[in-house]
> 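Shown below is the structure under consideration.
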Amino acid sequence: MIIAVKRWFTVALLTTCITLARTVALAADDWQVIKINGHDYLSVDNIARFYRLPAEVAPSGAKIRLETVMNPLEFVRGSREVMINGARCWLCFPLIEQNGKFLVSRTDVAKTIEPQLRPHRIPNAGKVETVVLDPGHGGHDRGAVCRYGYEKDFALDVARKLRPLLQAKGLRVIMTREGDYFVPLEVRAQIANAARNSIFVSIHFNATDRDPNATGFEIFSFTPRGAPSTSDDWVTPTALSMQAGSEVDGQSMALSACIYHSLLGHIPEFDRGIKRARFAVLRLTRVPAVLIEGGFLTERGESQLIAKKDWRGKLAQAIGVGIENYHALGVKKQPPMLVADYRRQTKLEPTEPVIQEENLKEVDASLINLVGKSKFASPTPASTSPASSSPDSAVIVP
Ligand SMILES: [Zn+2]
């Protein structure tokens, strides 16, 4: 469970404007930009042609289920909902219709669609040495509560199970907390920012007082500049005017999709989708960052699953495979596995990770000291060179 702290937003936005202002570069030959009230849109036909992929538009109000998805891109009329490669995703802006054409905002083409359809082309995607695992909450902050326990404990356990799996793949792992104590959100982000070539993976469980039957997985990355978050109900007209963003937006979306496809592909949970939010840990991290909501503690059946050690082991494994797929982007330069690929595979090898409890020390003070004393190498500046483009396709640089 996460509560957005909005007072940071103005500061973060201003900083982003100054440091990360870049324009979306679209080659004129490939894209016909349609201006509506000064805002840029691209047609679904144009997107399908560019990616050489069939795309469909479902009637408004349609709820696309995974089982009915036929095409890599399935939009819903008048909605922000879209299925990309068989997983649900939420656009920043709804699909609009004009003169018989369905139009997608340029922001979404650059920030939501491109990083998922061609993640291997994002500059520095998959460049990972360190995975910063962030078990949500801790100490006085219990997070969501169910009859079987607290979110803070379940999240920590998943991170503990995940760590050796990542280490076995040669990745360095730092945990923002290793015990039941609270670490301020800005410190969690600082830990990720201070580590060399890091990614940030925050682990949470969900809760709601609105719908006791709500279930499923969702994953968040930071909302692009000027765009509304997924939970925002309406869009201000000025929000559309800002198009620039950072390269990390693309990397974060790619990481989000890699982990999410693995989660859905390995565990039969409801697909709530790939979403956007301005949660503090996503806003304050300058490295690719995601926040996973691994199911609802407020739903009876799901809370029973989350309370099971073996199920949490499965969750850790699925997250691990997703991170591995993201990492492989940097090496193989190939698109990662998708939900359907995972489902075709025989089941995950049943390797319950061995947890060396005695090695898990309470290291809050030492960790904060490390960050304060800048013992980690400073993050390498993001490359400013655009991705190389092939003659037959334009590059969308977020
Ligand atoms: Zn939480």
> Mind listing the closest non-hydrogen atom pair of A289 and S252 along with its distance?
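Nearest heavy atoms, A289 then S252: N-OG, 3.1 Å.
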
> List the atom of M337, the atom of N325, and the distance in Å for their closest heavy-atom pair.
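Looks like N-OD1, 2.9 Å.
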
> Got a sec, which pairs hit salt bridge (Lys or Arg N to Asp or Glu O under 4.0 Å) with one end in residues 204-217, sequence neighbours left out?
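Residue pairs passing salt bridge (Lys or Arg N to Asp or Glu O under 4.0 Å), neighbours aside: none found.
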
> If we ignore hydrogens and angles and just use 3.5 Å, is the side chain of Q251 paired with the main-chain N or O of P288 as donor and acceptor?
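Pair absent, no side-chain N/O of Q251 close to backbone of P288.
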
> Looking at every heavy atom in both L53 and P72, which two are closest together, and how far apart are they?
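Smallest heavy-atom distance, with atoms named: CD2-CG, 3.8 Å.
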
> Does E129 come within less than 4.0 Å of R196, counting only side-chain N to carboxylate O?
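Looking at R196 together with E129, the answer is yes, because their closest N to O distance falls below 4.0 Å.
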
> Do NZ/NE/NH1/NH2 and the carboxylate oxygens of D141 and K152 come within less than 4.0 Å?
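The answer is no: the pair does not qualify as a salt bridge.
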
> Counting N and O atoms only, with roles assigned by atom type, does the side chain of S198 sit under 3.5 Å from a partner on the main chain of A192, one being a donor and the other an acceptor?
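It does hold such a pair.
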
> Mind checking side-chain contact (heavy atoms from CB on, under 4.5 Å) for S79 and listing every partner two or more places apart, or none if nothing turns up?
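Counting only residues at least two positions away or on another chain, S79 forms a side-chain contact (heavy atoms from CB on, under 4.5 Å) with V76, E81.
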
> Rounded to the nearest 0.5 Å, what separation is found between the CD atom of E299 and the CZ atom of F270?
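It comes to 12.0 Å.
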
> Any idea which heavy atoms bring G250 and P115 closest together, and the distance?
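Of all heavy-atom pairs spanning G250 and P115, the closest is O-CB, 3.7 Å.
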
> Over 60° means perpendicular and under 30° means parallel, so tell me whether H137 and H204 are parallel, tilted or perpendicular.
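Perpendicular: the ring planes of H137 and H204 meet at over 60°.
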
> Quick check on side chain to side chain contact (heavy atoms under 4.5 Å, CB included): which of L95, V82, N46 does V104 satisfy it with?
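Among L95, V82, N46, the one that satisfies the side chain to side chain contact (heavy atoms under 4.5 Å, CB included) with V104 is L95.
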
> Is a side-chain N or O of H266 found less than 3.5 angstrom from the main chain of S262, in a donor-acceptor match?
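Yes; at least one donor-acceptor contact below 3.5 Å.
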
> Should the heavy atoms of other residues, nucleotides or ligands under 6.0 Å from CZ of R300 be counted, would the total exceed 12?
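Counting neighbours around CZ of R300, 12 or fewer heavy atoms of other residues, nucleotides or ligands fall under 6.0 Å, so no.
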
> Please list all pairs meeting salt bridge (Lys or Arg N to Asp or Glu O under 4.0 Å) that have one or both residues in residues 130-139, counting only residues at least two apart or in different chains.
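Listed once each, the pairs are D134-R188.
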
> Once salt bridge (charged side-chain N to carboxylate O under 4.0 Å, His left out) is applied, do any residues pair with D45, and if so which ones, sequence neighbours excluded?
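Counting only residues at least two positions away or on another chain, D45 forms no salt bridge (charged side-chain N to carboxylate O under 4.0 Å, His left out).
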
> Could you see if V145 belongs to whatever hydrophobic cluster contains F205? Use Ile, Leu, Val, Met, Phe, Trp, Tyr and a side-chain cutoff under 4.5 Å.
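No, it is not one cluster - the side chains of V145 and F205 are not joined through contacts under 4.5 Å.
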
> Residues two or more places apart in sequence or in another chain: which of them pass ring pair (Phe, Tyr, Trp, His ring centres under 6.0 Å) with F220?
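Residues passing ring pair (Phe, Tyr, Trp, His ring centres under 6.0 Å) with F220: F279.
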
> Atom NZ in K314, atom CG in L263: separation rounded to 0.5 Å?
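Reported to 0.5 Å precision, the distance equals 11.5 Å.
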
> Mind checking salt bridge (charged side-chain N to carboxylate O under 4.0 Å, His left out) for R142 and listing every partner two or more places apart, or none if nothing turns up?
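Partners of R142 by the salt bridge (charged side-chain N to carboxylate O under 4.0 Å, His left out) criterion come out as none, since no residue qualifies.
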
> For E218 and Y260, what are the C-alpha separation, side-chain angles and deciding distance, and is it a side chain to side chain donor-acceptor pair (under 3.5 Å)?
CA-CA 8 Å; E218 52 192 18; Y260 195 68; over 6 Å; no

> Using modelled atom types and a 3.5 Å cut-off, is there a donor and acceptor pairing between side-chain atoms of E151 and backbone atoms of A144?
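A pair under 3.5 Å: yes.
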
> side-chain hydrogen bond (donor to acceptor under 3.5 Å, both in side chains) with N213: which residues, sequence neighbours excluded?
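With neighbours one apart ignored, the set is empty.
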
> D108 side chain to C92 main-chain N or O, any donor-acceptor pair under 3.5 Å?
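Here the side-chain-to-backbone pair exists.
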
> Which residue, F75, F93, Y41, forms the side chain to side chain contact (heavy atoms under 4.5 Å, CB included) with L103?
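Filter result, single survivor: Y41.
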
> Can you list everything that forms a side-chain contact (heavy atoms from CB on, under 4.5 Å) with A168? Sequence neighbours excluded, please.
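Applying side-chain contact (heavy atoms from CB on, under 4.5 Å) to A168 gives none.
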
> Tell me which pairs pass ring-ring contact (aromatic ring centres under 6.0 Å, His included) where either residue lies in residues 140-180, with sequence neighbours left out.
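As it turns out, the ring-ring contact (aromatic ring centres under 6.0 Å, His included) pairs with a partner in residues 140-180, which skip direct neighbours, are H140-F182.
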
> Checking T208 against T298 for the side chain to side chain donor-acceptor pair (under 3.5 Å) test, could you report, in this order, the C-alpha distance in whole Å, the side-chain angles of both residues, the deciding distance, and whether it holds?
CA-CA 6 Å; T208 175; T298 41; 5.8 Å; no

> Would you call K161-D157 a salt bridge at under 4.0 Å N-O?
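Judged by the 4.0 Å cut-off on N to carboxylate O distance, K161 and D157 do form a salt bridge.
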
> Quick one: does R283's side chain have a donor or acceptor within less than 3.5 Å of a partner on R278's backbone?
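Present.
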
> Counting only N and O atoms by type, is there a donor-acceptor contact under 3.5 Å from the side chain of R106 to the main-chain atoms of L42?
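Checked: no pair found.
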
> Under the criterion side chain to side chain donor-acceptor pair (under 3.5 Å), I'd like the reasoning laid out for R312 against Q317: C-alpha separation, chi angles, the key distance, then a yes or no.
CA-CA 9 Å; R312 293 196 301 273; Q317 270 189 301; over 6 Å; no

> Which atom pair, heavy atoms only, marks the closest approach of L291 to L282?
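Answer, listing the atom of L291 first, then L282: N-CD2, 4.0 Å.
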
> Taking ILVMFWY side chains as joined if any heavy atoms are under 4.5 angstrom apart, and letting links pass through other members, which residues group with F296?
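Hydrophobic cluster check, F296: no partners found.
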
> Strictly below 4.0 Å, N to O, side chains only: are R88 and E74 in salt-bridge contact?
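Salt bridge flag = no for E74 with R88.
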
> Could I get the full list of side-chain contact (heavy atoms from CB on, under 4.5 Å) partners for T230, not counting sequence neighbours?
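Once residues adjacent in sequence are excluded, the partners of T230 under the side-chain contact (heavy atoms from CB on, under 4.5 Å) criterion are W90, K275, R276.
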
> Give, for atom CD of E302 and atom SG of C146, the distance between the pair rounded to the nearest 0.5 Å.
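Taking CD in E302 and SG in C146, the distance rounds to 11.0 Å.
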
> Check which hydrophobic residues are tied to L338 through side-chain heavy-atom contacts below 4.5 Å, counting indirect links as well, and list them.
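So far as hydrophobic clustering goes, L338 is joined with none.
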
> Donor-acceptor check, side chain of Q116 to backbone of T112, threshold 3.5 angstrom: yes or no?
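Looks like yes, one N/O pair under 3.5 Å.
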
> Please find the pair of heavy atoms, one from G126 and one from L329, that lie closest to each other, and give the distance.
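Shortest heavy-atom separation between G126 and L329 comes out as CA-CB, 4.2 Å.
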
> Can you tell me if R147 uses its side chain to pair, donor with acceptor, with the backbone of Q304 under 3.5 Å?
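Flag not set: sc R147 to bb Q304 has no pair under 3.5 Å.
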
